[in-house]
Amino acid sequence: MTMRAAYGIRPLGLDTLVRLQRGLDAPGALSGTLRRLPVPDGMTAPLGCDAVTVPARFGPLVLPRLPRVGCVYADEAHWWWIVPSDSDYALEWPAPARYATGAFVPDAPAVPDLIHRPDNTVPYTPPIPLYLALCRLTDTTPTWSRPVSA
């Protein structure tokens, strides 16, 4: 037996439901207490925006390990890389890195400064090279290389 959606009504896919739930789960998303990293003027973010943040001491160590760098923001305590939405899908970002759905910056008195802007119009740092660079710096085995237990 197959089920069909009513005429003119499109069923929601799992990706859409996950994205909607993440939007509700983002701390401060409804209250407006968090600041969001802005996409610079003249740039587009067709895949949405999330961010990966690390303590500032890791920032200069990550940059030379990346083949391409998108928008990077920084303050005295942290550096943030803009990545496409859902770049945490099936990944556990290594501590002390944190994944920020919606590119929200917690506990910041102001939006961090933009310290790197790519030459093109897309703000993203490719998430897999960023993930691998952070795994290497933190001596963490990538998710897909870990043993699977039954």
Looking only at non-hydrogen atoms, find the nearest pair between Tyr99 and Ser87 and report the distance.
-> OH-N, 2.8 Å
Is there a path of hydrophobic side-chain contacts, each under 4.5 Å between heavy atoms of I, L, V, M, F, W or Y residues, that connects Leu137 with Trp93?
-> yes
Keeping to residues at least two apart or across chains, list the side-chain hydrogen bond (donor to acceptor under 3.5 Å, both in side chains) pairs with something in residues 111-126.
-> Arg68-Asn120
Take Val62 and Leu130 through the side-chain contact (heavy atoms from CB on, under 4.5 Å) test and state the conclusion after the steps.
-> CA-CA 8 Å; Val62 172; Leu130 178 58; 3.7 Å; yes
Any idea which heavy atoms bring Ser85 and Cys49 closest together, and the distance?
-> OG-N, 3.1 Å
If we only count heavy atoms from C-beta on, is the Trp79 to Pro112 side-chain gap below 4.5 Å?
-> no
Answer with yes or no after comparing the ring centroid distance for Trp81 and Tyr131 against a 6.0 Å cut-off, counting only values under it.
-> no
Where Gly102 and Asp50 come nearest, the two heavy atoms and their spacing | N-OD1, 2.7 Å
How close do Ala90 and Thr143 get, heavy atom to heavy atom, and via which atoms?
-> O-CG2, 3.6 Å
Residue pair Pro94 / Thr138: nearest heavy atoms and the distance that separates them | CB-OG1, 3.4 Å
Output a table of donor-acceptor pairs, distance under 3.5 Å, between side-chain atoms of residues 69-78 and any protein atom two or more places apart or on a different chain; print 'none' if there are none.
residue	atom	partner	partner atom	Å
Tyr73	OH	Pro38	O	2.2
Asp75	OD1	Ala77	N	2.9
Asp75	OD1	His78	N	2.8

Tell me, do Val105 and Leu37 make a side-chain contact under 4.5 Å, heavy atoms counted?
-> yes
How many angstroms lie between atom CZ of Arg65 and atom CG of Leu132, to the nearest 0.5 angstrom?
-> 11.0 Å
Just how far is it from atom OG1 of Thr101 to atom CG of Asp88, taken to the nearest 0.5 Å?
-> 5.5 Å
Heavy-atom nearest pair, Ala51 first then Trp80, reads CB-CD1, 4.4 Å
Rounded distance [0.5 Å steps], CG in Asp86 versus CG in Leu91 = 11.0 Å
Val39 reachable from Ile82 in the ILVMFWY side-chain graph, under 4.5 Å edges | no
